[in-house]
Amino acid sequence: MQLKRLLVWQALVAATAVAAAIPFGTNAMVAAALGAAACLLANWYFAYRVFQRYQAREPGQLLARIYGAELAKIAIALAVFGLAFATLDDLNPLALFAAYLAVQVLPAIVAQRPDARSNS
């Protein structure tokens, strides 16, 4: 349940980052969208790979899946960044990396906060 909440928060932060970049022009908005997409794609793939069914009696297999998913996550993010730099002439690197960082960090902070319902 916490993973689902984290992924939802990431999507919300991604949309907010793209919207926040609109006043800075189309280039900043596109860069923010690509940065947010790099993070979303990488994290969603990681979650999909790691949280598939597994047998608890094979922890080594789970660990290998985690490491493999983390490597794929890095490769996905680097591929999106590389594609952005290779194809966009007026790329705004600040918007690209700021959106990526915001989507990666802010939801994790929010997801760690306890629910107000659990304080009862």
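For this chain, numbers begin at 1 and follow the sequence in order. These numbers come from the heavy atoms of this one structure, side chains and all, not from hydrogens, waters or symmetry mates.
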Self-check item: Leu40 side chain near Val103 side chain, heavy-atom distance below 4.5 Å
Solution: yes

Quiz prompt | Interatomic spacing from CG in Asp90 to CG in Asn27 - rounded to 0.5 Å | solution = 4.5 Å

Quiz item: Do the side chains of Phe85 and Leu91 get nearer than 4.5 Å, heavy atoms only?
Solution: yes

Self-check item: Inter-residue atom distance Trp44.CH2 - Ile76.CD1, 0.5 Å rounding
Solution: 12.5 Å

Quiz item: Looking at side-chain heavy atoms only, is the closest gap between Tyr45 and Lys73 below 4.5 Å?
Solution: no

Quiz item: To the nearest 0.5 Å, what is the distance between CG (Leu41) and CZ (Phe46)?
Solution: 15.0 Å

Practice problem: Specify the closest pair of heavy atoms between Ala95 and Ala28, including all atoms of both residues, with the distance to one decimal. | Solution: CB-O, 3.5 Å

Quiz item: Which atom names give the shortest non-hydrogen contact between Ala99 and Ala36, and what distance separates them?
Solution: CB-N, 3.9 Å

Quiz item: CZ of Phe24 to CG of Asn92: how many Å apart, nearest 0.5 Å?
Solution: 9.5 Å

Quiz item: In the single-linkage hydrophobic clustering (I, L, V, M, F, W, Y; side-chain heavy atoms under 4.5 Å), do Leu88 and Phe81 co-cluster?
Solution: yes

Practice problem: Verify the cluster assignment for Val13 and Leu34: are they in a single hydrophobic cluster under the rule of side-chain heavy atoms below 4.5 Å apart? | Solution: no

Practice problem: Enter the distance from Phe51:CZ to Ile66:CD1 here, rounded to the nearest 0.5 Å. | Solution: 7.5 Å

Quiz item: Do Leu106 and Val18 share a hydrophobic cluster (ILVMFWY, side-chain heavy atoms under 4.5 Å, transitive)?
Solution: no

Practice problem: Please examine the side chains of Asn43 and Gln104, heavy atoms only from C-beta on, and report whether any two atoms are closer than 4.5 Å. | Solution: yes

Quiz item: Does the side chain of Tyr67 reach to within under 4.5 Å of the side chain of Leu63, using non-hydrogen atoms?
Solution: yes

